[in-house]
Amino acid sequence: MSSTENVIQRGKLLVHIAENGHSFELDCDEDTLVESVQQYLESLSGIRLNDQLILYLDLKLEPQQPLSAYKLPSDDREVFLFNRAKMRTNSTPPSPEEPEVAENYHLDPPPPSSSHDPHPLDEASDPALKALPSYERQFRYHYQLGDAIYRRTLMKYEASERISRKHRVQEKALEIARGNLDHFYKMILQNYTDFVRCYSQQQRAHSNLLVNFGRDLERLRSIKLLPLLQSGDRKCLSDFVKEDNLRKMVDDCSNSHRQFESKVGEFKQEFGELKRSTECLFSSKASILGRDLERTVKEHQHHINEQKSIMQALSKDVGLVKKLVDDCLTSQLSNSLRPHDAVSALGPMYEGHDKSYIPKMQACERAISNLLTFCKNKKSEMNTFVHKYMQKIAYIQYTIKEIRNKFSLFTEALKRQNDQFDHLKVIRGIGPAYRACLAEIVRRKSSMKLYMGMAGHLAEKLASKREVEIRRREEFLKVHSSYIPRDILASMGLYDTPNTCDVNIAPFDANLLDIDVSDIDRFAPEHLVGLSFKKGVEETSESGNDFIEASELVEIAGTSKIEVENAKLKAELASTIALLCSFSPEVEFESLDDSKVGDLLKNATEKTAEALRLKDEHEKHLLSMLKTKHLQCESYEKRIKELEQRLSDQYTLEVKLNKDESTGKTGDSKSEIFSPMDEASYGSNTHLDSSMPDEKDEKEAMVASSSGDYMPEKSFPAKTGGGGGGDVVELQSLVAEKTNEVNEMEIKLREAMDEIARLGNELEISRNLLDESQMNCAHLENCLHEAREEAQTHLCAADRKASEYTALPQSLATCANENSDDGVAEFRECVRVLAEKVGVLTRQRAELIERYTKAEASHEELTKELNEKKELINTLYVKLQSEKQVNKEKISFSRLELHEIAAFVLNNVSGHYEAINRNSAHSHYFLSSESVALFADHLPNRPTYIVGQIVHIERQTVKSSPVRPGSNPYGLPGGVGCEYFVVTVAMLPDTTIHSPTVAS
């Protein structure tokens, strides 16, 4: 893989062979194609190019891609090569592991001999000197023997380490293969889960359609059409469809439903087998692989270290004896060390070599040899395990591909099934559609009223803007016409005026039926819609209410705000009914995940809390209004008492003046009488006027003016003497004037009392409205509490009703400030309808809770029964498998079949092997010559019997030609036409072949 070209990035590509654990390090660059790497690996590993499967983590390396597509080569990344040929079912198992250990090298040296290795001291006369060369030869022999043992041991230990590394490589290869399979299995499992979820939803919906078909049809029969809509052949809702065609369609759908259900059941069983096989494969760990192999090899490292220390001691001893011999030859021995002393010192050293060092090294060699044998056995087991494991992976991948191909078929069948049942769904949609049409009529009528009112309001607004524009133009011309000639202004076009805007709306919706909100439940009851729905209202479009939201509570000519509010509420209620009817009944079978349910519950809780907050604010607002009214009433009462007191004082003064006419009293006393009262009245009026609300200023001004007219006359000139008659006349005229003023004051007082009575009536009406509002608020609070409890199962209804109840207090607040009683009755009717709706919802909720409890109890019973059935099926399956296994291991003694076990006994007369059979008189089974050779060729004597598994049975007949020697090879007594069978068998594992003894 090396190249002389200049490349951007070069590196080492480490490739591991999964089947045997071998590793190759290739020199390549990032532009090298994967195909080139495969070709080079073919020459190294012997695996054909078409059988190579190269994996890096979970990725498969494609031949046409360069290595850079996988960020290779890299020093910290490795790839694994798998042999597809070995993954097939009929592939040959791997051969036992035979590591390459050159045991022929480093043989033991021959024993030392003086004839082969003479020494000058061999001829010495001194026996001690003569023994030194012998010791030297023995020590050198011990060293050479130890060196040979050490080198052999080191080679075996290195071979064990290589096996351990290959073992680890194969474990990594299994992890890569397992990860690759897990990747595809998770994909197919996700597809299967999605399919089963869709199928379960559709199956429940279709089953519900089939089971409740009769009930739905009876429900349509019970609803009569409006009298204006009835005709000769249409009296009720069921007349919209042809019942005979529907019943035939129900039968067809029922048959299709059962067939598809059986097919899906078979598909589920097939996927269940795949799932069990995959989980069994993932759970099977390489327990026999010996994960402690590397640790065992490391534990034997001390044997190598021990041999190294012994070799160092032997080398030191050889050097010592060689020095002694050399010193003897050169006569350089010291006086203290004589030859006899040297020989006596070498004796124990020799004993240590012969009895300690050499046996220890041989023992270390034997331990390492045993380690090598252990590693070879583990490696062979690992090869076999990898072979079988990869075959299982290949089979599972093949099954996954088949199931993946079936997904498209079942998905298409699921779609066709849904299309077939779409025709049956019509019977479910007739009732909601009819109710929605009636609600749409009510909505259009209310919307038309709002639309016409808004058009009139818009025309008035445009007319007022036109008048403002005309006045502005006139003022402009008035200012500038004195400077600019009129013809110039006319040429500039400044004398033009805006045209009037005529808002004309052609009559529309004239053919609508004359029905109201209350008629919807009478002609189309709510049970036509079916069960309550689980789909959130926030997911639906609110575009239908855009026009209603845009129409504010504006003053429309001839229409009060309460009528506009009633029309708006009717339109909203009708729009809500039509929206609920537009939901598909199958929505109730949709499953929501936990996160979506949590979000819906959170939204419902927030909206409920917002509705309660608005209710509390509205309640505080009503209380503040009531408090203000109380303050106004108290101020009115105080003012009335003051006026009564002043009138009483004036009346007392008038009576007193009438009594004093005869006595001729002067005006001084009158002034003394009048002045304190007038001053107090003036002071009290001033204080009261400053504390009264602004809306009563005119009445107070009237009373103040009357008292002010009276104030200037608080004193009269004091005259005595003869002018008393004129003073009396003047006083009488003054009294008459004051009497007239008192009469006028009484009239004004009566008017004020009438006004107070009218205000009291209005206050009473306001109190009644407040009480009704408080009752409605309490009712709203109860309904909102029920909606909060129902939010978990009926999110749509709780959300919508909360919004309706939120709008209701606002309408009540508007009604509290209105003086007109025209729309009160209609508004009360709307409230009554809403109360009836709440009652219906409460009853439906109770029914649904009861049905849910019963369904949950039945579901628990069915689940328990299903678990018992599963346990029974598992028990029967295990029993069946054990019976099959037992039947497979039995020897057949009747009619022989393929793959059965048969026993053949040697016939000493004819020399043939004949099967042990109950029908031996009629059926003759003989063992073929190939099978006899398979069992007996490697044995010194032919076995007495042979047991094997039948792989082939050939039926033959004794021919009619007596001349031919092979016409009756087994000497059957039946003669011509007699049938016999030649059986070929294979060896059974762990079969012991018995051969006859010499005596026999």
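Quick note: residue numbers are just sequence positions, from 1. Treat the numbers as computed from the prediction; the structure is a model and nothing was measured.
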| task | Would you check, one step at a time, whether the test side-chain hydrogen bond (donor to acceptor under 3.5 Å, both in side chains) holds for N20 with Q170? | result | CA-CA 7 Å; N20 52 25; Q170 288 181 306; over 6 Å; no
| said: The test is side-chain hydrogen bond (donor to acceptor under 3.5 Å, both in side chains); show your working for Q301 and Y157 and say whether it passes. | reply: CA-CA 8 Å; Q301 177 71 33; Y157 184 77; 2.7 Å; yes
| message | For K166 and H22: C-alpha separation, side-chain torsions, deciding distance, then whether side-chain hydrogen bond (donor to acceptor under 3.5 Å, both in side chains) applies. | response | CA-CA 6 Å; K166 294 178 182 178; H22 293 173; 3.1 Å; yes
| Residues Q391, S91; criterion side-chain hydrogen bond (donor to acceptor under 3.5 Å, both in side chains); working and verdict | CA-CA 9 Å; Q391 285 183 340; S91 61; 2.9 Å; yes
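Of all heavy-atom pairs between K360 and I310, the closest is CB-CD1, 3.8 Å. Looking at every heavy atom in both residues, I149 comes nearest to M361 through CG2-O, 3.5 Å. Of all heavy-atom pairs spanning R942 and V932, the tightest one is NH2-CG1, 3.7 Å. Scanning all heavy atoms of the two residues, the minimum distance from Y141 to P109 falls at CE1-O, 3.4 Å. Among all heavy-atom pairs drawn from P93 and H387, the shortest one is CA-NE2, 3.8 Å. Here the shortest heavy-atom pairing between R88 and D51 reads NH2-OD1, 3.7 Å.
Scanning for salt bridge (charged side-chain N to carboxylate O under 4.0 Å, His left out) contacts around K355 gives E351, with sequence neighbours left out. For N180, the side chain to side chain contact (heavy atoms under 4.5 Å, CB included) partners at least two apart in sequence or on another chain are L55, F184, Q397. Under the salt bridge (charged side-chain N to carboxylate O under 4.0 Å, His left out) criterion, K401 pairs with no residue at all, not counting sequence neighbours.
The pair K172-E78 meets the salt-bridge criterion, with a side-chain N (NZ, NE, NH1 or NH2) lying under 4.0 Å from an Asp/Glu carboxylate O.
Judged by distance alone, the side chains of R178 and Y389 do bring a donor and an acceptor atom under 3.5 Å apart. Side chains of T984 and E930: no donor on one and acceptor on the other come within 3.5 Å. No side-chain donor from either of T373 and N370 sits under 3.5 Å from a side-chain acceptor of the other.
Note that NE2 of H183 is 13.0 Å distant from NZ of K60, once rounded to the nearest 0.5 Å. Note that CG of L26 is 9.5 Å distant from CG of L67, once rounded to the nearest 0.5 Å.
Ring geometry, H142 versus F139: the interplanar angle falls under 30°, so the pair is classed parallel (tilted spans 30 to 60°). Ring planes of Y350 and Y135: perpendicular class, angle over 60° (limits at 30 and 60°).
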